[in-house]
Amino acid sequence: MMRYVNPVIRGFHPDPSICRVGKDYYLVTSTFEYFPGIPVYHSTDLVNWELIGHCIDRKEQLPMDLAKPSGGIWAPTIRYHDGIFYVTATFSEKGNFIVSSKTPAGGYSNAVWAELDGIDPSMFFEDGEMYYCANDCGSRYVGGEEGISVAKMDPATGKVTGEIRRIWRGTGNGWLEAPHIYHIGGYYYIFSAEGGSGWGHMVTQGRSKSIWGEYEPCPFNPILTNRNDTTKQILETGHADLVDDGEGNYYMVHLGIRPAVASKSNLGRETFLMPVTRKDGWFVVEGGKAMLEAEISGTGVQRPQKAVAADFSRQEWEKEWLFIGSPTEGNYVRGNGELLLRPSEKRLPDGHTGVTFAAMRQPDFSCEIRASLVCGGTDLRAGLAVYLEPGFLYRIYKSCEPDGDYVVAERFVEDIYVQAYREKAAGGTVEFTIKADKSGYEFFYTINGDTVLAMKGSARFLCTGMANRCFTGTVAGVFAEGAETETAQVRSFVMTPEREMI
């Protein structure tokens, strides 16, 4: 058996969906307002995952400039059928869409808009047909009762080809979402999430002899929840997808959080893996809750996370980079050992699409982010930031002003603004460092070999529970704002997670 530590994909990676093709597993997660959208991970053992690409990596695929904070791309599902990978998701500002590719890592089509509305769509292929299901939110039903509806659909056009039928009303715990259908043995099984994506989150299950129902609820529901887990090591578990290893073993990937401060997480929802057993023909998790440590069939070893160091001699971006909404491509020029940032007049605290901000997901509670840069002029602010959503961020930067250069450190927490540090600084190269742990962040800068601790900030105020309906997690990266005629040169960027997993 292979022992492993959860989560298997750390940092902001909610709403996981998985499929197996031979001995290879592919997994996708939500990205909300960030571009590129829907990362694709690959694994051969379900424990060690590699980021291989994105489903949404071209502007023409989706109108990402419309994406609002915690809007954009919700709850993707990935499935493989007849040589093609299909991914469907909700674009919260417009509707449900499908993209497809013959290769999992990239090359996905432009969005095909699905006729079935609702959120958290999923696909099931059988006998040459695609069945499409989603939480229809009661939009077609008297009284607005929530439920899961299914229809046959043409995946190439998104057109419904038959009747839309409601098949599952859940177990009455509210916020019914995230449906997935499987045909195993003589039954069609449906997995869904209930209880809301918070403390009451859970995975429930039903089954039927026909895909159209009626589905009977599992007597062991909820089959996964940490709502009563007094250890509080893992909370808010739900939104699961089932996979088998081809040898009779079943597992589920699901989301959850590891609390940092006061049962809240600044990393957001992460991707967990739990073994699944059969009980009276149902799929259940032993103990009914997610655990930090578990075992899986296999003989491999879980590898620690690796540092990501940008190679600015190459024009191609490392796969870990993210941008808010549709990036203004002319504001980022890579090559010759540096990343040239052209400032945006938009301020990072406002979080609008098009702001000059290149970031990566915070990889774990304990990590270090370093960036060195050179900038000058009279109206330029450039440096390093850790960002949750508009109005919730900490940053340290070089401020180039008419009377000289300053190092400034700031905290933004909703309507509270604190300038914690401002000192005159020498010109030339400055290195900024953010050191993070579960309790918070420390912000340093180094000029001419002298290092100064400029600011500390509590992790509490960057936790998703502090911001209203924040579905993402912290990201950290370099930014520039000010006059569009000026530039900042980023010479290095390294994000290093804690080597020893906790």
Side-chain angles (χ1 to χ4, degrees), residues 15-21 75-82 86-88 96 98 114-116 118-137 140-141 145-155 160-173 176-194 202-224 238-246 248-254 274-285:
D15 309 328
S17 175
I18 190 171
C19 71
R20 178 177 63 86
V21 182
T77 294
I78 184 169
R79 295 294 183 257
Y80 178 79
H81 175 69
D82 198 21
Y86 293 92
V87 175
T88 186
N96 295 332
I98 303 169
E115 284 188 336
L116 187 63
I119 63 169
D120 297 3
S122 184
M123 301 165 291
F124 172 72
F125 290 88
E126 187 173 61
D127 298 332
E129 297 280 1
M130 185 187 84
Y131 298 83
Y132 197 82
C133 63
N135 175 356
D136 58 34
C137 304
R140 290 182 298 277
Y141 293 85
E145 180 188 15
E146 63 180 353
I148 304 300
S149 290
V150 170
K152 291 182 180 181
M153 182 179 290
D154 181 349
V160 171
T161 59
E163 182 184 358
I164 299 174
R165 298 188 192 178
R166 172 165 285 193
I167 64 167
W168 176 240
R169 291 175 173 81
T171 63
N173 285 285
L176 178 64
E177 56 192 6
H180 294 302
I181 294 174
Y182 320 92
H183 191 186
I184 302 170
Y187 285 97
Y188 292 87
Y189 292 86
I190 186 168
F191 276 26
S192 57
E194 296 188 58
M202 64 186 74
V203 180
T204 58
Q205 178 184 186
R207 72 181 182 186
S208 171
K209 289 288 187 178
S210 166
I211 192 171
W212 304 110
E214 179 176 337
Y215 284 78
E216 60 173 318
C218 172
F220 311 112
N221 279 330
I223 59 171
L224 177 76
H239 202 118
D241 199 4
L242 186 70
V243 70
D244 73 283
D245 65 1
N249 302 303
Y250 285 87
Y251 305 91
M252 66 164 65
V253 292
H254 63 89
M274 285 301 295
V276 174
T277 60
R278 302 294 294 273
K279 184 177 181 180
D280 299 339
W282 297 95
F283 294 92
V284 298
V285 173

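Small disclaimer: the values here were computed from a predicted structure and weren't measured.
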Among all residues two or more places apart in sequence or in another chain, which pass the salt bridge (charged side-chain N to carboxylate O under 4.0 Å, His left out) test with Asp244? Arg20

Test side chain to side chain contact (heavy atoms under 4.5 Å, CB included) applied to Val150 and Phe124, step by step: CA-CA 10 Å; Val150 170; Phe124 172 72; over 6 Å; no

The criterion is ring pair (Phe, Tyr, Trp, His ring centres under 6.0 Å); which residues satisfy it with Tyr215, sequence neighbours excluded? none

Taking side-chain hydrogen bond (donor to acceptor under 3.5 Å, both in side chains) as the test, write out the residues that go with Asn96, two or more places apart. Thr90

With sequence neighbours excluded, residues passing ring pair (Phe, Tyr, Trp, His ring centres under 6.0 Å) with His239: none

Ring pair (Phe, Tyr, Trp, His ring centres under 6.0 Å) partners for Phe125, two or more places apart: His81, Tyr86

May I ask you to decide if Gln205's main-chain N or O and Asn221's side chain share a donor-acceptor pair within less than 3.5 Å? yes

Residues which pass salt bridge (charged side-chain N to carboxylate O under 4.0 Å, His left out) with Asp241, listed by chain and number, not counting sequence neighbours: Arg79

So side-chain hydrogen bond (donor to acceptor under 3.5 Å, both in side chains) across residues 184-194, not counting sequence neighbours, yields Glu126-Tyr188, Trp168-Ser192, Thr171-Glu194, His183-Tyr188, Tyr189-Arg278, Ser192-Thr204, Glu194-Thr204

Taking side-chain contact (heavy atoms from CB on, under 4.5 Å) as the test, write out the residues that go with Asn249, two or more places apart. Asp245, Glu247, Tyr251, Ser297

Set of side-chain contact (heavy atoms from CB on, under 4.5 Å) partners for Lys279, sequence neighbours left out: Phe220, Val284

Quick one: list whatever passes side-chain hydrogen bond (donor to acceptor under 3.5 Å, both in side chains) with Thr88, sequence neighbours left out. Tyr132

Tell me every residue that passes side-chain hydrogen bond (donor to acceptor under 3.5 Å, both in side chains) with Glu214, counting only those two or more places apart in sequence or in another chain. none

Of the non-hydrogen atoms in Ser17 and Pro76, which two are nearest, and what is the gap between them? CB-O, 3.3 Å

Assess whether side chain to side chain contact (heavy atoms under 4.5 Å, CB included) is satisfied between Ile164 and Leu116, documenting all intermediate values. CA-CA 8 Å; Ile164 299 174; Leu116 187 63; 3.7 Å; yes

